[in-house]
Amino acid sequence: GTRIVYDRSFLLQMRNSP
Amino acid sequence: PRDVIKHPLQNSWTLWYFENDRAKNWEDNQVEIYNFDTVEDFWALVNHIKPASEIRVGTDYSLFKKGVRPMWEDPANKNGGRWLVSLEKKQRGPELNNCWLEVMLCLIGEAFDEFSDDVCGAVMNIRPKGDKIGIWTGDGTRTNSIMEIGQRIKSRLNIPAKVLIGYQLHRDLTVKNSSVIKNRHQV
């Protein structure tokens, strides 16, 4: 099946988004 | 609109906090802090709680897949083990915080691809002699998966090649008088 993968740069970018 | 929809994680996770209150039995001292299953809720949690380096000595943070308790007795952990990353006392600060955050990012981001299914969670122990981070997998016999996970942990945490980390089976830890815990794998 498919897996929802997030790399660290995307996750870190999301840290301060509203 | 697109930006209203939160980014779903592959798994739901629970953050636990452990503090040793001798009046209570050990299992009751593990407290569920928060369940989450989106990137946004993860950050809402992490930005809200004390960072690893600021919680008291003798306490733990644990991040486990929902329904798995942060203890080897849990059925999902019983036959497994942990990759153990040991830090020095002087690293209790930004380095520890970054290390713990990186481990959490690996977990929620499914950084181990198909081997991520073997990962149960991670435990961070704040201890007088030095803090430890353990990444727990559920089946100690799946060597290929364990080694792949260990390799990726080392690269994500920028651990130099010559510095080895060990994988220990939980059941080896329950041998009371064993002072030296046998590493079943190293990478």
- Query: According to a 4.5 Å side-chain heavy-atom criterion applied to Ile, Leu, Val, Met, Phe, Trp and Tyr, with indirect links allowed, do Ile135(B) and Met124(B) form part of one hydrophobic cluster?
  - Reply: yes
- Linking I/L/V/M/F/W/Y whenever any side-chain heavy atoms sit under 4.5 Å apart, do Ile153(B) and Ile146(B) land together? yes
- Query: Any link between Leu169(B) and Val85(B) through a network of hydrophobic side chains (Ile, Leu, Val, Met, Phe, Trp, Tyr) touching at under 4.5 Å?
  - Reply: yes
- Message: Using a 3.5 Å distance criterion without hydrogens, assess whether the side chain of Trp43(B) forms a donor-acceptor pair with backbone atoms of Leu11(A).
- Response: yes
- Query: Backbone N or O of Ile4(A) within a donor-acceptor pair of the Glu110(B) side chain at under 3.5 Å?
  - Reply: no
- Pairwise distance CD(Gln10(B)) to OH(Tyr6(A)) - rounded to 0.5 angstrom: 9.5 Å
- Query: Below 4.5 Å, heavy atoms only, C-beta onward: do Arg15(A) and Val39(B) meet side chain to side chain?
  - Reply: no
- Item | Close side-chain approach of Leu12(A) and Leu105(B), heavy atoms under 4.5 Å | yes
- Message: Using the rule that Ile, Leu, Val, Met, Phe, Trp and Tyr join whenever any side-chain heavy atoms are under 4.5 Å apart, tell me whether Ile33(B) and Leu63(B) fall into a single cluster.
- Response: yes
- Item | Least distance between heavy atoms, Glu40(B) atom then Met14(A) atom | OE2-CE, 3.0 Å
- Do other residues, nucleotides or ligands put more than 12 heavy atoms under 6.0 Å from the CZ atom of Arg142(B)? no
- Of the backbone (N, CA, C, O) and the side chain (C-beta and beyond), which part of Asp113(B) lies under 4.5 Å from a heavy atom of chain A, both, or neither? both
- Output yes when Arg8(A) and Glu102(B) qualify as a salt bridge under the 4.0 Å nitrogen-oxygen rule, no when they do not. yes
- Task: Check the hydrophobic clustering (I, L, V, M, F, W, Y; side-chain heavy atoms under 4.5 Å; chains of links allowed) and say if Met147(B) and Val163(B) are grouped together.
- Result: yes
